[in-house]
Novice: 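A single structure is presented below for examination.
For the numbers below, each heavy atom of this structure counts, side chains included, while hydrogens, waters and symmetry mates do not. In listed order, ligands and their atoms are each counted from 1.
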Amino acid sequence: MNAPQTALHGWAAGEAGRPANPDWTIPQRWESYTPKEHATWATLYRRQMALLPGRACEAFIDGMRRLPIEADRIPNFEQLSEVLMRSTGWQVVAVPGLVPDEVFFDHLAHRRFPAGQFIRRADQLDYLQEPDVFHDVFGHVPMLMHPVMADFIQAYGVGGLRAQRLGALEMLARVYWYTVEFGLVREQGALRIFGAGIVSSAAESVFCLASSSPHRIGFDLPRVMRTRYRIDDFQQTYFVLDRLDDLLRLAEIDFAPLYQQVAALPALAPDAVLPDDAIITRGDSHHHRARPPQPA
Ligand SMILES: C[C@H](O)[C@H](O)[C@H]1CNc2nc(N)[nH]c(=O)c2N1
Ligand SMILES: N[C@@H](Cc1ccccc1)C(=O)O
Ligand SMILES: [Fe+2]
């Protein structure tokens, strides 16, 4: 989820504007979820699990299988953290919603995944401005069981704190957006989803692979750093990794010189196509202005 900082949950910042806790974590208060909230989770879970086999990458399906994530109840973060800690050293901490950039990056840099404690209302099933527990836990957490993604997201946290110092937040956020949130990866000759923003959206899980309108382009780091993204509708371009392990190489590249080179170039529209793009499928001209999916 890389939405701008606009939609900060007021009450998270407390009346005085300062959060009760400097790292913005709150108790999950798992016992206080209502049956209706669990039912919303169940609806979303069932809808996605009917779509994702055959569309989501193997790492996602495997991670989901190994975690205490049930169909009909919002998961308990302490139970998730026990399994994650043993596997890749991660834990899930509850936050009220979007937190400030440096708080977010600091959590990731210490292998703490900040997950929204709240769940969307029944009338927000298809679209949500802020990351709720379904997007964060269903979408992101299973991938944290994969060692490559576990290392990549921690490195991203470290890189985020650095990018802030270098004034390169937007370029870095695009790398996260087009991988962790909306990334595709080749798997046994087919394209599979690994991005959490797609995985947690029913409409986009289908659209990203089946529609002729988005471009699908082989991942290229400077190209991704230049490409703007939309947060309120389907992506117009998806970038495709040859394999998830490519993320490790990515994490080791020193971004600082790239930030300088890319900052000197004009940013690209979300639906741009360049002559030397490694086009996998070129989108058609008209855009399906479908019901906006949940941004991620
Ligand atoms: C660029 C920026 O770091 C990014 O949008 C962050 C901001 N704060 C966040 N806060 C939470 N809880 N979850 C997120 O995904 C993000 N995304
Ligand atoms: N390698 C990046 C850090 C990073 C790691 C993983 C993902 C994105 C960025 C840097 O030098 O800042
Ligand atoms: Fe997200």
Side-chain angles (χ1 to χ4, degrees), residues 1-9 12-13 19 21 23-26 77 92-109 111-118 128-144 148-183 194-201 204 219 221-222 224-225 228-229 231 235 239 241 244-262 293-296:
M1 173 73 198
N2 277 299
Q5 295 299 308
T6 47
L8 283 187
H9 254 294
N21 203 338
D23 66 3
W24 288 61
T25 54
I26 53 172
F77 293 6
V92 180
V93 293
V95 290
L98 287 173
V99 303
D101 296 349
E102 64 281 352
V103 172
F104 182 63
F105 293 134
D106 185 67
H107 278 305
L108 299 186
R111 296 203 181 222
R112 293 188 302 264
F113 193 83
Q117 191 252 4
F118 75 101
L128 195 72
Q129 185 62 36
E130 271 198 80
D132 71 337
V133 64
F134 187 73
H135 167 72
D136 281 327
V137 171
F138 185 92
H140 282 287
V141 170
M143 291 304 292
L144 289 174
V148 168
M149 184 58 85
D151 291 356
F152 182 74
I153 297 199
Q154 180 189 16
Y156 175 80
V158 176
L161 296 167
R162 180 178 191 226
Q164 278 186 304
R165 292 196 303 275
L166 297 172
L169 259 196
E170 186 54 34
M171 284 183 277
L172 181 73
R174 292 169 183 161
V175 175
Y176 187 83
W177 191 264
Y178 284 115
T179 54
V180 177
E181 293 293 359
F182 288 92
F194 72 91
I198 307 177
V199 155
S200 58
S201 157
E204 195 151 6
F219 188 91
L221 184 54
V224 169
M225 277 186 177
R228 285 188 279 103
Y229 56 83
I231 66 163
Q235 298 309 306
F239 288 94
L241 291 176
L244 277 181
D245 286 4
D246 289 353
L247 291 173
L248 277 187
R249 207 172 29 77
L250 204 55
E252 272 135 31
I253 295 169
D254 178 1
F255 280 22
L258 277 174
Y259 289 146
Q260 286 206 319
Q261 291 157 28
V262 168
Q294 160 207 344

Novice: Distance under 4.0 Å to a non-hydrogen atom of Ile253: what atoms of ligand 2 satisfy this?
Specialist: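 Numbered from 1, ligand 2 contributes 1 (N), 2 (C), 10 (C), 11 (O).
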Novice: For Leu98 and Pro131, which heavy atoms make the closest approach, and how far apart are they?
Specialist: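 Minimum heavy-atom contact is CD2-CD, 3.7 Å.
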Novice: Taking atom CD of Gln260 as the centre, does the number of heavy atoms from other residues, nucleotides or ligands within less than 6.0 Å exceed 12?
Specialist: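 Atom CD in Gln260 is not packed in, count stays at 12 or less.
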Novice: Give the single entry among Asp136, Leu98, Val99, Leu108 that approaches atom 8 (N) of ligand 1 most closely by any heavy atom.
Specialist: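 Minimum heavy-atom distance to atom 8 (N) of ligand 1 goes to Val99.
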Novice: Measure the distance from atom 3 (C) of ligand 2 to every protein heavy atom, then report the residue, atom name and distance (to 0.1 Å) of the closest one.
Specialist: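 Of every protein heavy atom, Gly159 CA, 3.7 Å lies nearest to atom 3 (C) of ligand 2.
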Novice: Between the main-chain N or O of Val95 and the side-chain N or O of Gln117, is there a donor-acceptor pair closer than 3.5 Å?
Specialist: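 Side chain of Gln117 to backbone of Val95: no pair is present.
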Novice: Can you list the atoms of ligand 2 that are under 4.0 Å from a heavy atom of Leu172?
Specialist: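 So the atoms of ligand 2 that pass are 8 (C), 9 (C).
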Novice: Hey, is Tyr176 touching ligand 2 through its side chain, its backbone, both or neither, going by heavy atoms under 4.0 Å?
Specialist: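 Neither part.
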Novice: Give yes or no for whether the N/O distance cutoff of 3.5 Å, strictly under, is met between Phe104 and ligand 1.
Specialist: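 No, there is no polar N/O contact under 3.5 Å.
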Novice: May I ask you to decide if the ring planes of Phe138 and Phe134 are parallel, tilted or perpendicular, using 30° and 60° as cut-offs?
Specialist: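 Aromatic pair Phe138/Phe134 classed parallel.
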Novice: Identify, for atom 8 (C) of ligand 2, the protein heavy atom at the shortest distance, and state residue, atom and that distance.
Specialist: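 In this structure, atom 8 (C) of ligand 2 has Phe255 CE2, 3.6 Å as its nearest protein heavy atom.
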Novice: Rounded to the nearest 0.5 Å, what's the gap from CG on Leu169 to CG on Leu161? Could you check?
Specialist: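 Here the interatomic distance stands at 9.5 Å.
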Novice: Measure the acute angle between the ring planes of His140 and His135, then classify it against the limits of 30° and 60° as parallel, tilted or perpendicular.
Specialist: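 Answer is perpendicular, since the angle exceeds 60°.
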Novice: Give the atom numbers and elements of ligand 2 that come within less than 4.0 Å of a heavy atom of Arg162.
Specialist: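 Checking each atom against Arg162, I get 10 (C), 11 (O), 12 (O).
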Novice: First locate atom CZ of Phe152, then atom CG of Leu244, and finally report the distance between them rounded to the nearest 0.5 Å.
Specialist: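 It comes to 10.5 Å.
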Novice: Where the Fe ion (ligand 3) is the corner point, what angle links NE2 of His135 with NE2 of His140, to 10°?
Specialist: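 Rounded to 10°, it measures 90°.
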Novice: Taking 4.0 angstrom as the limit and counting only heavy atoms of Gly97, give me the atoms of ligand 1 inside it, by number and element.
Specialist: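 Contacts of ligand 1 toward Gly97, numbered from 1: 11 (C), 12 (N).
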Novice: Suppose we measure from atom 4 (C) of ligand 2 to each protein heavy atom; which comes out shortest, and what is that distance?
Specialist: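 Its nearest protein heavy-atom neighbour is Ala155 O, 3.9 Å.
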Novice: How does Phe105 reach ligand 1, by side chain, by backbone, by both or by neither, if only non-hydrogen atoms under 4.0 Å count?
Specialist: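 Just the side chain.
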Novice: Within the 4.0 Å heavy-atom shell around Asp254, which atoms of ligand 2 are there?
Specialist: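 The list of qualifying atoms is 11 (O).
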Novice: Within this structure, what is the OG1-CZ distance for the pair Thr179 and Phe219, rounded to the nearest 0.5 Å?
Specialist: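 So the OG1 of Thr179 and the CZ of Phe219 are separated by 6.0 Å.
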Novice: Would you please indicate yes or no on a ring centroid separation below 6.0 angstrom for Phe182 and Phe239?
Specialist: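 No, ring centres 6.0 Å or more apart.
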Novice: Check this for me - ligand 2, Val175, N or O atoms closer than 3.5 angstrom, yes or no?
Specialist: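 No; the residue has no nitrogen or oxygen that sits under 3.5 Å from a nitrogen or oxygen of the ligand.
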